[in-house]
Number of protein chains: 2
Amino acid sequence: MSRSPSQAPDESAETLPRQQRTYSIGELARMFEVTPRTIRFYEQEGLLAPSRQGQKRIYREKDRVRLKLTLRGKRLGFSLAEIREVVMMYDAMPDGNARQLKRLIEILDEKRANLDRQMEDIRLMRLEIDDVDQRARDVLRQLGKED
Amino acid sequence: MSRSPSQAPDESAETLPRQQRTYSIGELARMFEVTPRTIRFYEQEGLLAPSRQGQKRIYREKDRVRLKLTLRGKRLGFSLAEIREVVMMYDAMPDGNARQLKRLIEILDEKRANLDRQMEDIRLMRLEIDDVDQRARDVLRQLGKED
DNA sequence: GACGAGGTTTACGTTAACGTAAAGTGCTTG
DNA sequence: CAAGCACTTTACGTTAACGTAAACCTCGTC
């Protein structure tokens, strides 16, 4: 065993700063508790674009962040298409023309409105859950007394 | 035209209190902006159980509330199966045994934890969106100056 | 040099949540 | 009574988001 550059969480795991670290597909998969298949699928859908080292995919910090954002979006019920829409426009920003930028701002506004609605939904849902919970505990307490 | 009991938003629309009103499938569909097909599908999945008047489905206040909760759950990304799980246990509550009730309380706890995570996700997502938005506006402003 | 752990491509399978089309019922309105 | 709605059932179609299987490569290791 003499300094294996491959295998293991990447030799740079501790020595290099985050920005220069790289990840294998398996590593990322474990970090986010998804399968490699999922990550490849996201690439196919244009959400990730890792570089290659021979045949193998090499993921950098940027890719990791993207994956994180993608999964967060998923947890909020967004479709991959929606997520891609924003992500791609974000990337196109630097050299974007005015029309594109305005469109992006519009989309962001919609997303924000959407998030606000979700926020409210969560609030209401919590109230219901708390209510059901309270009732359940009440009934349970009654059952205890009857013995 | 002599007092038609069928057709029209239900004769009780204004005269009866909410608790006694009934709805046709079309009415509900319009109220929540879904198709009748969706409502029938939810019934098939055990989320709704309207009574019948001959062949036609009759929805009462209880059904309307259930549909509302179901759609709210959907907006939050829950599957119909998850939603049904809670809804059915809720209905089974009154005569539920201790074990079932404890299980229900457990599930509710999970749901709550889930909602909390979503809340945090939304917060983070908003921050990102605000950030992207700010950048977009900056770039846009720069473009304006260059003319 | 066999092998096991990771990685790769290709391609077909699966599940949830409806959409869509066809064919029929029941009422009321011109 | 024909037309037109609103409703019904049955059944096949569709899309998103992966799962799963097969067949292959490429290391470092025993």
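Naming convention: chains lettered A, B, ... in sequence-line order (proteins, then strands); numbering from 1 in each chain. The figures that follow rest on heavy atoms only: side chains count, while hydrogens, waters and symmetry mates do not. All of these numbers come straight from a predicted model, not from anything done at the bench.
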For the residue pair [X] and [Y], establish whether any side-chain heavy-atom pair is separated by less than 4.5 Å.
{"X": "A:Gln134", "Y": "A:Asp130", "value": "no"}
{"X": "A:Val86", "Y": "A:Met89", "value": "no"}
{"X": "A:Leu80", "Y": "A:Phe41", "value": "yes"}

So, does [X] get its side chain near the phosphate of [N], meaning an N or O under 4.0 Å from OP1 or OP2?
{"X": "B:Lys74", "N": "C:dC18", "result": "yes"}
{"X": "A:Tyr42", "N": "D:dC18", "result": "yes"}
{"X": "B:Ser24", "N": "D:dC7", "result": "yes"}

Give the rounded distance in Å between these two atoms: [atom1] of [X] and [atom2] of [N].
{"X": "B:Arg75", "N": "C:dA17", "atom1": "CZ", "atom2": "C1'", "answer": "17 Å"}
{"X": "B:Glu43", "N": "D:dT8", "atom1": "CD", "atom2": "C1'", "answer": "11 Å"}
{"X": "A:Gln53", "N": "C:dG7", "atom1": "CD", "atom2": "C1'", "answer": "12 Å"}
{"X": "A:Arg40", "N": "D:dT20", "atom1": "CZ", "atom2": "C1'", "answer": "12 Å"}
{"X": "A:Lys56", "N": "C:dG6", "atom1": "NZ", "atom2": "P", "answer": "10 Å"}
{"X": "A:Tyr23", "N": "C:dG7", "atom1": "OH", "atom2": "C1'", "answer": "19 Å"}
{"X": "B:Phe41", "N": "C:dA16", "atom1": "CZ", "atom2": "P", "answer": "9 Å"}
{"X": "B:Gln44", "N": "D:dT8", "atom1": "CD", "atom2": "P", "answer": "14 Å"}

### Query
Once you build an axis from the first five pairs and another from the last five of the helix from C:dG1-D:dC30 to C:dG30-D:dC1, how far apart in angle are they, to 10 degrees?
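About 10°, once rounded to a multiple of 10°.
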### Task
Could you tell me whether A:Asp109 and A:Arg112 have a side-chain N and a carboxylate O separated by less than 4.0 Å?
yes
### Query
Should A:Glu43 and A:Arg40 count as an ion pair when the cut-off is N to O under 4.0 Å?
no
Which of the following nucleotides, [options], is nearest to the side chain of [X]?
{"X": "B:Thr38", "options": "C:dG19, C:dT9, C:dA11", "value": "C:dG19"}
{"X": "B:Thr35", "options": "C:dG7, C:dG19, D:dT20", "value": "C:dG19"}
{"X": "A:Arg37", "options": "D:dC7, C:dT8, D:dT20", "value": "D:dT20"}
{"X": "A:Arg52", "options": "C:dT9, D:dA17, D:dG19", "value": "C:dT9"}
{"X": "A:Leu80", "options": "D:dA17, C:dA17, C:dC18", "value": "D:dA17"}
{"X": "A:Arg57", "options": "D:dC7, C:dT8, D:dC18", "value": "C:dT8"}

#### Entry: Derivation of the side chain to side chain contact (heavy atoms under 4.5 Å, CB included) call for B:Asp91 and B:Lys62
CA-CA 11 Å; B:Asp91 278 18; B:Lys62 180 184 171 184; 4.1 Å; yes
### Task
Take B:Phe78 and B:Gln55, find for each the nucleotide of DNA chain C with the closest heavy atom, and name the residue whose nucleotide sits nearer the 5' end.
B:Phe78
### Message
For A:Met31, I'd like to know if atom CE has over 12 heavy atoms of other residues, nucleotides or ligands within 6.0 Å.
### Response
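Counting other residues, nucleotides and ligands, CE of A:Met31 exceeds 12 neighbours.
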### Task
State whether B:Phe78 and B:Lys111 meet the cation-pi test: NZ (Lys) or CZ (Arg) under 6.0 Å from the six-membered ring centroid, and within 45° of the perpendicular axis.
yes
